[in-house]
Protein chains: 2
Amino acid sequence: MTVIEELVRTLGDAVLTGDRISDRYRTDASLAGRSLPKAVVRPASVAEVATALKICNEHRQSVVPQGGMTGLAGGANPEADDIVISLERMTGIEEIDSAAATMTVLAGTPLEVTQRAAEEAGFLLPIDLGARGSCQIGGNLATNAGGIRVIRHGVTRDNVLGLEAVLADGTVLSSLNKMVKNNTGYDLRQVFIGSEGTLGVITRAVLRLRPLPAGRLTALCALESYADVAALLKRAQQQLSGLSAFETMWQSYFGFNCAEEGLRFFETKPAFAVIIEQDTHGRDGEREGFEAFLGQMLEDGLIGDALIAQSEKEAQAFWRVREGHGLDRLPSLVNLDVSLPIGAIGNFAEECGTALRAAFPAAHVSFFGHVADSNLHIAFSVPGASEETLHEVDGIVYALVSRCRGSISAEHGIGTLKRDFLDRSRSPAEIKVMRRIKAALDPNGILNPGKVLGRYSRTDL
Amino acid sequence: MTVIEELVRTLGDAVLTGDRISDRYRTDASLAGRSLPKAVVRPASVAEVATALKICNEHRQSVVPQGGMTGLAGGANPEADDIVISLERMTGIEEIDSAAATMTVLAGTPLEVTQRAAEEAGFLLPIDLGARGSCQIGGNLATNAGGIRVIRHGVTRDNVLGLEAVLADGTVLSSLNKMVKNNTGYDLRQVFIGSEGTLGVITRAVLRLRPLPAGRLTALCALESYADVAALLKRAQQQLSGLSAFETMWQSYFGFNCAEEGLRFFETKPAFAVIIEQDTHGRDGEREGFEAFLGQMLEDGLIGDALIAQSEKEAQAFWRVREGHGLDRLPSLVNLDVSLPIGAIGNFAEECGTALRAAFPAAHVSFFGHVADSNLHIAFSVPGASEETLHEVDGIVYALVSRCRGSISAEHGIGTLKRDFLDRSRSPAEIKVMRRIKAALDPNGILNPGKVLGRYSRTDL
């Protein structure tokens with residue numbers, strides 16, 4: 001019996017083949033996926049995930065786990081001889097424990113659904129990113145997807161208390177812990193988070209919830225140098241408790257997007273624009289404190305100008321420039337995602353911009369980022385860019401990142417698109433240990449083969 | 001050549017044997033260690049750690065890594081045929097990067113030394129625990145040691161950005177990352193943190209620093225039920241940004257220690273006493289806001305009484321009761337360390353107290369904990385307690401913990417003392433995966449054998 005025959009016999013309608021495989025299983029948001037898989041399994045329970053994996057493992061059949069397909073590194077894209085396991089039917093919030101401030105959720109649940117459920121229960125789920133409407137919790141955790149609220153409550157892996165994952169051989173590994181402190185052996189949950197589906201298929205998680213802020217204060221500041229941006233960040237972290245966003249836009253990005261949106265905020269063209277947001281608690285004097293802080297920063301010369309949003313609408317205008325949807329009309333737009341020690345970001349952006357503009361004089365190159373999280377994004381577009389051009393861009397940027405001891409992937413992961421550059425951020429010894437862990441948990445190498453670590457042989461272990 | 005001969009030939013004076021092995025290498029603070037090791041290696045560099053491990057690995061020689069020996073689970077205690085690697089000579093802060101807010105430190109550096117260095121540079125190192133004067137950073141990380149400041153900045157593993165560890169075969173695995181976001185493959189640092197020296201020897205770390213608070217406001221509150229404690233915690237987390245401690249004492253603990261210290265705070269005997277602390281930023285109105293919050297809690301009936309410390313000395317008096325040094329004079333004192341979902345802690349403490357007092361009518365049993373971190377401590381003392389008695393206490397407590405889906409070790413780790421109870425908090429599948437990771441990284445099983453996972457054979461993998 002073939003693997004597909006056995007899957008169909010055991011799981012019936014949960015298995016799609018031939019024409020029943022729609023195009024959405026082809027590629028994530030990188031649009032780099034070229035093939036449909038030979039079958040798609042859509043389990044409705046953890047037991048069905050385990051059954052599917054057990055069968056595939058016995059047949060040495062490669063498996064690609066899929067969530068909401070919003071990734072940008074090709075980590076969920078199948079080859080023609082892969083079988084996809086899509087978590088899309090495993091949705092739902094199983095429990096909100098108000099006393100423990102936790103939520104237990106199935107992996108296929110869209111992020112936005114979990115955010116809303118948390119809010120209805122009076123909590124904030126601090127995991128947030130642009131793709132919230134379609135990305136799924138399982139995929140968020142498998143990629144340790146970052147986002148814009150990291151500054152206050154940490155990265156995604158810091159907000160996961162418990163995890164359930166199914167191993168390649170079908171073993172269900174259930175660590176649905178609800179406690180902040182738990183030192184009973186190795187922290188298995190951290191092994192799976194960020195492993196991009198290569199070590200197990202995440203099926204359930206216990207997420208940590210935080211108090212829901214009463215409101216938010218938002219300001220847009222104009223600054224003249226990166227040194228001022230770094231100094232303002234430090235002062236804001238010292239003095240604004242509840243600081244919940246610090247988004248930095250270089251003039252290359254801010255100017256472009258203001259023009260696209262038809263918005264004008266400052267008299268002059270500031271070298272940097274920073275959105276500062278602070279969560280409020282509904283107590284007296286919070287706005288006055290925020291204004292006093294900005295007043296002090298003006299007086300100290302760290303900022304040249306500042307606008308405090310007087311309404312939700314004004315705050316949204318600041319964020320519209322930051323979201324930069326105007327960039328989408330640029331041809332062959334690429335969003336590079338790197339991280340660097342905070343103090344090094346200013347010089348890096350300058351050197352990187354110079355190098356890219358020298359190599360591609362017609363290119364759009366602009367910079368923005370979550371500086372407090374050491375995370376810089378580079379928007380790059382050049383008309384008629386070929387695959388080779390884009391590979392060359394990667395080469396230029398990642399060589400510079402490597403020289404500054406940065407990371408070639410801050411939040412997007414490695415997948416297939418950054419796989420050939422992994423050694424710019426990881427030593428041979430580190431990569432070898434990753435392969436050994438992979439071989440220990442998935443000895444037949446059926447889970448998402450070729451992703452993150454590439455293909456390798458036993459002698460590489 | 002024997003392993004010791006080869007170590008001496010290669011590392012010379014760094015190797016202690018015979019009479020040169022002093023008693024301090026025998027046991028950690030559990031006092032459960034019985035034997036001196038057959039040799040102690042005291043490397044002065046990462047290269048020497050690598051050399052020592054390579055030699056031991058070739059000789060299949062078991063190695064026990066030692067830090068400040070302040071652990072409470074026996075994780076650093078040697079057997080007579082082990083060789084100890086002590087990190088005590090590898091001390092020093094290599095760098096403080098103010099822009100990145102990071103500190104790079106050698107593993108043998110005492111925690112208090114790193115805390116002071118951070119403060120001198122204008123930062124807070126959020127890792128803190130009672131043994132700060134003698135414990136070492138490497139040991140703190142190897143055990144993911146918790147502490148009293150977790151509520152604001154997370155557990156120890158959340159405050160480590162980079163790590164260097166030497167594997168059993170002498171490979172130096174250097175991941176000295178300074179970035180908050182870094183998604184380039186598996187998070188190896190999290191594999192070593194909390195593994196209690198069974199996967200590698202931590203030699204260096206990049207720690208995350210936070211803004212140094214301008215000051216602290218401290219209050220001692222009296223409450224009448226655990227439901228009120230949980231409700232107060234939730235309100236404090238919502239409304240006090242900068243909440244930096246929430247320490248709960250049951251009357252059994254609070255009453256005993258007030259009497260021991262000759263202190264009296266309240267007219268009546270409250271069922272619970274809670275220390276609330278808030279970091280301040282040196283801005284106007286902070287004390288008034290803190291007072292208003294407590295006033296509101298009084299008005300809402302959540303607290304029966306509250307004292308706000310008017311001086312550092314008054315705050316210290318609150319903390320003296322919490323530290324509970326008076327307990328030390330009790331015979332055979334045991335401090336059990338468990339965690340439970342926050343909502344379950346109240347009932348657990350009641351049932352646990354009843355069960356222990358029924359089994360040992362002459363016992364002192366008292367409860368205190370970091371409730372916000374789901375962490376409960378149980379102080380137990382009975383005159384003339386034998387090893388069997390203490391084992392019986394463990395059995396009673398951990399059975400209850402298991403029923404409440406809690407953890408048998410919140411912050412102390414497993415070591416040897418909790419090893420036989422690991423299955424109360426971890427499933428057979430989880431333990432099997434831990435063993436597979438252990439075998440992948442330390443195939444000869446030389447690193448801290450028998451700790452955490454016990455001894456096992458190949459067929460258990």
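So that the names make sense, note that chain A is the first sequence line, chain B the second, and so on, each numbered from 1.
- Asp169(A) and Lys432(B) are not joined by a salt bridge, as no carboxylate oxygen comes within less than 4.0 angstrom of a charged side-chain nitrogen.
- The residue among Arg436(B), Gln190(B), His281(B), Met179(B) with the most heavy atom pairs within less than 4.5 Å of chain A is Met179(B).
- With sequence neighbours left out, Asp97(B) forms a salt bridge (Lys or Arg N to Asp or Glu O under 4.0 Å) with Lys178(B).
- There is no contact between Arg210(B) and chain A, counting heavy-atom distances below 4.5 Å.
- The most heavy-atom pairs under 4.5 Å with chain A, out of Val191(B), Ile408(B), Leu441(B), Leu453(B), come from Leu441(B).
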Donor-acceptor pairs are to be reported for all side-chain atoms of residues 140-153 of chain A against protein atoms at under 3.5 Å, with residues two or more places apart or in another chain.
residue: Thr143(A); atom: OG1; partner: Gly139(A); partner atom: O; Å: 2.8
residue: Thr143(A); atom: OG1; partner: Asn140(A); partner atom: O; Å: 3.4
residue: Asn144(A); atom: OD1; partner: Arg157(A); partner atom: N; Å: 3.0
residue: Asn144(A); atom: ND2; partner: Asn183(B); partner atom: OD1; Å: 2.9
residue: Arg149(A); atom: NH1; partner: Ser244(A); partner atom: O; Å: 3.2
residue: Arg149(A); atom: NH1; partner: Glu277(A); partner atom: OE1; Å: 3.0
residue: Arg149(A); atom: NH2; partner: Glu277(A); partner atom: OE1; Å: 3.1
residue: Arg152(A); atom: NH1; partner: Asp279(A); partner atom: OD2; Å: 2.8

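- Of the two parts of Ile414(A), the backbone and the side chain both hold a non-hydrogen atom closer than 4.5 Å to a non-hydrogen atom of chain B.
- Taking Gly289(B), Pro211(B), Gly154(B), Ala230(B) one by one and counting their heavy-atom pairs under 4.5 Å with chain A, the maximum is reached by Pro211(B).
- Per-residue counts of heavy-atom pairs under 4.5 Å with chain A were compared for Ala440(B), Ala410(B), Ala99(B); the largest is that of Ala410(B).
- Heavy atoms of other residues, nucleotides or ligands lying less than 6.0 angstrom from CG of Asp420(A) number more than 12.
- Under the 4.0 Å criterion applied to side-chain N and carboxylate O atoms, Arg208(B) and Asp158(A) are not assigned as salt-bridge partners.
- Across Ala429(A) and Thr171(B), no two heavy atoms sit closer than the pair CB-CG2, 3.8 Å.
- Contact count against chain B (heavy-atom pairs under 4.5 Å) is highest for Gln239(A) among Gln237(A), Gln239(A), Arg405(A).
- For the pair Thr184(A) (side chain) and Ser409(B) (backbone), a donor-acceptor distance under 3.5 Å is absent.
- Across Arg426(B) and Tyr186(A), no two heavy atoms sit closer than the pair NH2-O, 3.4 Å.
- The two residues Lys181(B) and Ser374(A) come nearest to each other via the heavy atoms N-OG, 3.9 Å.
- The two residues Ser241(B) and Gly242(A) make their nearest non-hydrogen contact at CB-N, 4.4 Å.
- Taking Gly413(A), Pro428(A), Gly285(A) one by one and counting their heavy-atom pairs under 4.5 Å with chain B, the maximum is reached by Gly413(A).
- Here CG of Leu188(A) is found 8.5 Å from OG of Ser427(B). Values are rounded to the nearest 0.5 Å.
- For Ala372(B), the part lying under 4.5 angstrom from a heavy atom of chain A is the backbone only.
- For Leu167(B), the part lying near chain A is the side chain, with the backbone staying farther off; criterion is any non-hydrogen pair under 4.5 Å.
- Taking chain A as the reference chain and counting heavy-atom pairs below 4.5 Å, the highest number among Leu233(B), Val155(B), Leu422(B), Asp187(B) is found for Asp187(B).
- Residues Asn375(B) and Val180(A) have side chains not in contact (no heavy-atom distance under 4.5 Å, counting atoms from C-beta outward).
- Residue Arg424(A): no heavy atom, backbone or side chain, is found under 4.5 Å from chain B.
- Between the side chain of Ser339(A) and the main chain of Asn182(B), no donor-acceptor pair closer than 3.5 Å is present.
- Using a 4.5 Å cut-off between heavy atoms, Ser174(A) touches chain B through its backbone atoms (N, CA, C, O) alone.
- With rounding to the nearest 0.5 angstrom, the CG atom of Leu124(B) is 11.5 Å from the CD atom of Gln238(A).
- Both the backbone and the side chain of Lys438(A) come within contact range of chain B, judged by heavy atoms closer than 4.5 Å.
- Chosen from Val452(B), Ile437(B), Ile193(B), Leu199(B), the residue pairing most often with chain A at heavy-atom distances under 4.5 Å is Leu199(B).
- At least one side-chain heavy atom of Glu430(B) sits less than 4.5 Å from a side-chain heavy atom of Ser175(A).
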